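Worth saying up front: this structure is predicted, and the values here are computed from it rather than measured.
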Amino acid sequence: MASANNALRVFFILTVVCAARAAPAPGGAAKATGGAGEAFDITKLGATNDGKTDSTKALQDAWTSACRATGSATVLIPKGDYLVGPLNFSGPCKAAITIQLDGTLLGSNDLAKYKASWVEVSHVENIVITGPGTLDGQGTAVYPKSKTADYKALPNTLVLFYVTNATISGIRLLNAKFFHISIDTSKDITVKDVSITAPADVENTDGVHVGASSKVSITNATIGTGDDCVSIGPGSSGVTVTGITCGPGQGISVGCLGRYKDEKDVTDVTVKDCVLKRTTNGVRIKSYEDAESVLTASHLTFENIKMEEVANPIIIDQYYCPQKVCPGKRSNSSNVSVKDVTFRNITGTSSTPEAISLICSDAQPCSGVQLVDVNVEYAGKNNKTMAVCSNAKGTAKGSLEALACLV
């Protein structure tokens, strides 16, 4: 579920592990070697790889040393299981830092320790988080409690907050307590070749969430969770999502939009060359009815998308209202404008007859919508493929006749 940037920022305390060692530096963490190209091995700072001993301090000290290094620094997380609580990897730093994750970090399930997120990287430039290792949020141990507790108190796994020029590649993320990766108020960010997995029946376990960020690329990822595989929130621009295999989950979404005051426009978003398998939604734009902010979602392109028995393949919903908890009362109006949206070469099958649903408001009709070569057919029997459109203006070309419901 894509959530608003302002409300979730408190959960975006994203910290990843770095380590340093050697002789203790006066007033600071231990240091491994002198000069550029320093390497910090967390096991030399006291981290224990038994999956039970708290290694939080070793990781936090490692980050401090790496951040103080000059030139470049590599944080080494060797093979093994390391139990850690909340980590705050904040800058600015002198060095360009690489976090080499070869082992597995296990998120503590002592929820009282968390004020926001598990691993937060903030106010940092030039960072790489890479390796074959895993960030395991161990959310399965707290999911049942979340049914009665406040979901918003649960921490995200990895958060980038005010980060510039970052790459997250190769790593695996499992069972986040809330979102797996959140990119907030950042720019020039690449997420590639990652694997993200959580149970299909647990909400708010979004794979990658982007909010108030620009020049973000999410590519070649396999994502299966209980919520959106990728969600793009208010204030985002220049976002490219390519080569995603999504499922289970709720698809790839732009939104929710308009839930909170002072939200900014979403523009220049491209989602292409993706496969969605048995998700509850396909590609979706969603905004709250009676939105609290006046904003526009525009120049959005969804192309070369294959649907495999997706329940709701193509959606624009300007009356989004989960659990009927909405900012205001419905008045057939919307403060969110949706325009210049292209759905091109969308193929495959729908698990429900309604392959397209474009529900726009009377006061703020969707405009400039294009359905080009959209051919998604109902996979079941005894019902015909259909589309439902309301106040959606645009053109259809090369698409199934039953889906060409634009005006």
Check: Between Cys246 and Cys274, does the SG-SG distance stay under 2.5 Å?
Finding: no
Item checked: CA sep, side-chain torsions, deciding dist, call: Thr64, Cys67, side-chain contact (heavy atoms from CB on, under 4.5 Å) -> CA-CA 5 Å; Thr64 300; Cys67 188; 5.9 Å; no
At what distance, to the nearest 0.5 angstrom, does [atom1] of [X] lie from [atom2] of [Y]?
| X | Y | atom1 | atom2 | result |
| --- | --- | --- | --- | --- |
| Asn49 | Tyr82 | CG | OH | 4.5 Å |
| Leu173 | Thr134 | CG | OG1 | 8.0 Å |
| Glu308 | Thr349 | CD | OG1 | 7.0 Å |
| Gln250 | Thr280 | CD | OG1 | 4.5 Å |
| Asp206 | Ile181 | CG | CD1 | 11.5 Å |
| Ser350 | Met307 | OG | CE | 9.0 Å |

Taking atom types as modelled, is there a side-chain donor on [X] or [Y] under 3.5 Å from an acceptor on the other?
| X | Y | answer |
| --- | --- | --- |
| Thr219 | Thr242 | yes |
| Asn345 | Asp373 | no |
| Asp184 | Ser182 | no |
| Asn391 | Asp362 | yes |
| Glu377 | Asn375 | no |

Check: Is the closest basic N to carboxylate O distance between Lys113 and Asp54 below 4.0 Å?
Finding: yes
Check: Under a 4.0 Å N-O cut-off, is there an ion pair linking Asp228 with Arg284?
Finding: yes
Notebook entry, point to check: So which of Thr205, Asn156, Asn109, Thr157 actually passes side chain to side chain donor-acceptor pair (under 3.5 Å) with Lys177?
Noted result: Asn109
Check: Has the side chain of Gln364 got a donor or acceptor atom that lies under 3.5 Å from a matching backbone atom of Ser361?
Finding: no
Next item on the list: Quick one: sort the Phe161 and His123 rings into parallel, tilted or perpendicular, breaks at 30° and 60°.
Entry: perpendicular
